[in-house]
A.B. asks: 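Let me give you the structure first, and then I'll get to my questions.
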Amino acid sequence: MYLRAFFSFVLGGLAAGCATVGPDYAGPPATPLPAAFTRAGEPPEAPRVAAWWNQLGDPTLASLVERAFAANPSLAAAQARLLHVRDMSRTERANQMPRGGADLFYAHARLPSMSGGAEDGSQLPSRLDLYNVGFDATWEIDLFGGQRRAVEAAGASVQAAEANLADAQVSLAAEVAQLYVDLRGCQRREALNDDAIARQQRGLDLARRRREAGTASDLDLARLQGQLEATRADTGQLAAELDGYRNALAVLLGLPPGTLDDELAKPAPIPLPPTAVAVGDPTALLKNRPDIRAAERTLAARTAQIGQAQAARFPRLTLMGLIGIGGSHLSDLAHLDDFTALAAPRLRWNFLDFGRNAANVDKAEDMRNEAVSHYRAAVLAALRDAEDALARFRQRRVTVATLARAVEAARRAADLTRERERAGTTTMMDLLDAERTRISTEQRLASAETALTGDFVSLQKALGLGWAESPRH
């Protein structure tokens with residue numbers, strides 16, 4: 001009775017096009033999102049996904065990013081991983097189709113001589129040849145959708161790998177841009193440091209002449225000498241920083257350290273961000289950030305794997321077929337009407353597994369629940385990254401504007417002090433102090449401009465920008 005009911009269920013499933021067990025993926029879990037970024041202060045239109053570095057207007061930076069995309073080893077590893085997952089997906093799709101093969105068999109046997117074996121008393125042949133050509137095929141009927149769920153999971157895994165590759169592109173572009181901006185900022189500070197050394201050296205030489213003339217004291221000389229040595233001490237540190245930035249950039253481009261020294265030796269201005277930066281809204285952030293898309297696609301794959309595990313608990317039906325032609329002479333292979341054929345369905349059910357399949361289903365559900373948590377964590381982390389980056393970027397622009405005004409004031413003060421020193425109404429020490437203040441303020445402005453562009457880079461990374469669609473193969 002039970003067997004009859006079971007076979008009726010199987011045949012009914014075949015007639016209905018087979019069942020698919022397991023939960024259907026209904027999208028990611030609902031996550032509360034703010035209506036807009038509270039610290040934006042930027043245009044609400046959606047930003048462009050790729051090539052944000054072109055907004056900095058620096059051809060050298062654009063070239064470095066493109067070269068890194070073409071030769072970075074870590075990015076190449078992510079691309080290879082994507083191709084691997086795509087191949088696995090092709091394998092799962094192929095597993096849905098029948099499998100067939102052909103074989104050609106030949107055997108030659110030497111037998112011991114025996115007489116009287118035939119009815120007429122003649123001797124049996126002592127040598128025997130066997131020829132056979134066979135064709136076989138097997139097809140597992142996907143009764144409960146296990147293979148369909150495997151294909152579904154593989155497809156979602158491919159999309160997750162594509163998102164991971166895009167995330168690697170986002171990180172790489174941001175890292176190259178940040179190092180390049182730090183390099184230009186360090187070159188600007190080095191130039192200001194060299195200017196300070198030259199001015200302090202001239203002041204020290206003048207003080208020595210005045211000391212010989214009796215119009216300057218040893219204390220003046222000692223103070224100037226101390227200032228000069230302190231400024232010179234920064235030279236080595238700045239040079240080491242520059243070497244570090246160039247070496248790091250070379251490695252990101254897949255080159256040995258030192259390869260870019262000549263190319264990046266000449267100073268260039270610090271690239272500055274545009275006046276307005278489009279940030280979009282939190283909903284657009286979920287679409288742009290590759291790490292969020294990767295987490296969502298991983299969740300979809302884990303959900304499909306639950307159905308794959310549940311299908312393993314049910315019977316499996318395999319259709320097998322075999323056709324063979326052969327005989328003891330090679331000419332027997334031409335007798336197409338004299339063949340052996342076999343067709344057999346096979347039903348297999350591992351019902352006595354002592355809870356193994358149930359444990360596999362529980363494991364798949366646990367992995368799905370873990371993916372849900374990872375997705376929610378990725379969304380919250382992305383929102384925080386965007387809010388923090390926007391806050392830093394907005395406040396840094398205020399700092400840069402304030403320091404720019406301070407630099408103008410320091411330059412005017414230095415010019416006025418220089419005029420008074422020439423008129424003899426102030427001392428050389430006052431002029432050197434004014435110049436030192438001016439240079440120090442310009443160095444602070446250079447550092448602030450470097451940080452401002454660095455915050456712009458961080459903002460683009462937080463918004464998930466800087467990736468391109470991966471090519472299909």
Side-chain angles (χ1 to χ4, degrees), residues 37 40 42-79 81-82 159-184 245 248-254 270-274 276-297 378-379 381-390 392-393 396 450-471:
F37 294 115
E42 300 291 344
E45 63 264 17
R48 291 181 297 174
V49 172
W52 54 262
W53 47 87
N54 290 331
Q55 299 179 53
L56 297 175
D58 193 313
T60 302
L61 171 59
S63 173
L64 290 173
V65 173
E66 295 302 326
R67 289 158 63 186
F69 278 4
N72 180 263
S74 298
L75 194 60
Q79 291 170 337
R81 172 63 182 170
L82 172 58
Q159 294 170 332
E162 291 173 346
N164 286 329
L165 174 59
D167 191 46
Q169 291 175 329
V170 169
S171 298
L172 179 60
E175 191 172 0
V176 170
Q178 184 64 67
L179 286 170
Y180 179 80
V181 171
D182 289 341
L183 170 72
R184 296 310 188 193
Y245 294 139
L249 282 169
V251 171
L252 289 181
L253 269 62
I270 302 170
L272 296 176
V277 180
V279 298
D281 56 29
T283 303
L285 175 68
L286 300 186
K287 297 179 181 179
N288 287 336
R289 287 228 358 176
D291 58 334
I292 294 179
R293 291 188 290 111
E296 188 273 333
R297 290 289 82 199
V379 171
L383 293 173
R384 178 185 175 183
D385 287 346
E387 287 280 5
D388 290 349
L390 283 166
R392 289 194 302 268
F393 183 60
R396 194 81 65 181
T450 302
L452 173 64
T453 307
D455 290 337
F456 171 78
V457 172
S458 298
L459 176 58
Q460 305 308 301
K461 182 180 179 181
L463 295 175
L465 307 180
W467 55 272
E469 294 289 345
S470 57

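Side chains included, hydrogens not; waters and symmetry mates left out as well; all remaining heavy atoms used.
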A.B. asks: Within the 4.5 Å heavy-atom criterion, are P290 and N164 side-chain neighbours or not?
C.D. replies: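 SC-SC contact between P290 and N164 ruled out.
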
A.B. asks: Working note: L75 + Q169, criterion side-chain contact (heavy atoms from CB on, under 4.5 Å); need CA distance, chi angles, decisive distance, verdict.
C.D. replies: CA-CA 7 Å; L75 194 60; Q169 291 175 329; 3.7 Å; yes

A.B. asks: Write down the atom of W52, the atom of A177, and the distance for their closest heavy-atom approach.
C.D. replies: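 For W52 versus A177, the nearest heavy atoms are CH2-CB, 3.6 Å.
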
A.B. asks: Could you go through the side-chain contact (heavy atoms from CB on, under 4.5 Å) check for E162 and Q159 one step at a time?
C.D. replies: CA-CA 5 Å; E162 291 173 346; Q159 294 170 332; 4.3 Å; yes

A.B. asks: Report yes if the side chains of L286 and V379 come closer than 4.5 Å at any heavy-atom pair, otherwise no.
C.D. replies: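 The answer is yes; the side chains approach within 4.5 Å.
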
A.B. asks: With side chains defined as the heavy atoms from C-beta onward, is the minimum distance between S74 and L172 less than 4.5 Å?
C.D. replies: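 They are not in contact (no side-chain heavy atoms under 4.5 Å apart), so the answer is no.
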
A.B. asks: Please tell me if the side chains of L272 and L56 come closer than 4.5 Å, counting only heavy atoms from C-beta onward.
C.D. replies: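 No, their side chains stay 4.5 Å or more apart.
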
A.B. asks: Quick one: does P274's side chain get under 4.5 Å of F456's, heavy atoms only?
C.D. replies: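 Yes, side chains in contact.
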
A.B. asks: Using every non-hydrogen atom in the two residues, find where A173 and F69 come nearest and quote the distance to one decimal.
C.D. replies: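 For A173 and F69, the tightest heavy-atom pair comes out as CB-CZ, 4.0 Å.
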
A.B. asks: Quick check: closest heavy atoms across A78 and A168, and the distance to 0.1 Å?
C.D. replies: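 Closest approach of A78 to A168: CB-CB, 4.3 Å.
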
A.B. asks: Roughly how far, to the nearest 0.5 Å, is the CG atom of D291 from the NZ atom of K461?
C.D. replies: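 So the gap between those two atoms works out to 9.5 Å.
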
A.B. asks: Hey, could you give me each pair passing side chain to side chain donor-acceptor pair (under 3.5 Å) that has a residue in residues 57-69? Not counting sequence neighbours.
C.D. replies: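 Residue pairs passing side chain to side chain donor-acceptor pair (under 3.5 Å), neighbours aside: D58-Y180, R67-E263.
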
A.B. asks: Could you give the distance from CG (L179) to OH (Y245), rounded to the nearest 0.5 Å?
C.D. replies: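 Interatomic distance, L179 CG to Y245 OH, rounded to 0.5 Å: 8.0 Å.
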
A.B. asks: Distance from W53 atom CH2 to L61 atom CG, nearest 0.5 Å?
C.D. replies: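 Here the rounded value is 9.0 Å.
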
A.B. asks: Just wondering, do L64 and L253 contact through their side chains at under 4.5 Å, heavy atoms?
C.D. replies: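 Of all side-chain heavy-atom pairs linking L64 with L253, at least one is under 4.5 Å.
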
A.B. asks: How long is the straight-line distance from CD1 of I292 back to NZ of K287, given to the nearest 0.5 Å?
C.D. replies: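 With rounding to 0.5 Å, NZ (K287) is 12.5 Å from CD1 (I292).
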
A.B. asks: Could you pull out the closest heavy-atom pair between A174 and V457, with the gap in Å?
C.D. replies: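 The pair with the smallest heavy-atom distance is O-CG1, 3.4 Å.
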
A.B. asks: Taking all non-hydrogen atoms of both residues, which atom of A161 and which atom of L82 are closest, and how far apart?
C.D. replies: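 Shortest heavy-atom contact: CB-CD1, 3.7 Å.
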
A.B. asks: Looking at CG of L459 and CZ of R392, how far apart are the two atoms once the value is rounded to the nearest 0.5 Å?
C.D. replies: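 It comes to 9.0 Å.
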
A.B. asks: Closest heavy-atom contact between A295 and A378?
C.D. replies: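 Taking A295 first and A378 second, the nearest heavy atoms are CB-CB, 4.3 Å.
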
A.B. asks: Is any side-chain heavy atom of N288 closer than 4.5 Å to a side-chain heavy atom of L463?
C.D. replies: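 No - every pair of side-chain heavy atoms lies 4.5 Å or more apart.
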
A.B. asks: If we only count heavy atoms from C-beta on, is the Q55 to P273 side-chain gap below 4.5 Å?
C.D. replies: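 Of all side-chain heavy-atom pairs linking P273 with Q55, none is under 4.5 Å.
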
A.B. asks: Salt bridge check, R289 against D385: does any charged N sit closer than 4.0 Å to a carboxylate O?
C.D. replies: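 Here D385 pairs with R289 in a salt bridge, since their nearest N and O are under 4.0 Å apart.
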
A.B. asks: Check whether any side-chain N or O of T453 sits under 3.5 Å from a backbone N or O of P271 as a donor-acceptor pair, and report yes or no.
C.D. replies: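 Yes: the side chain of T453 pairs with the backbone of P271.
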
A.B. asks: Please list, chain by chain and in numerical order, all residues satisfying salt bridge (charged side-chain N to carboxylate O under 4.0 Å, His left out) with R396, sequence neighbours excluded.
C.D. replies: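 So R396 forms a salt bridge (charged side-chain N to carboxylate O under 4.0 Å, His left out) with D455.
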
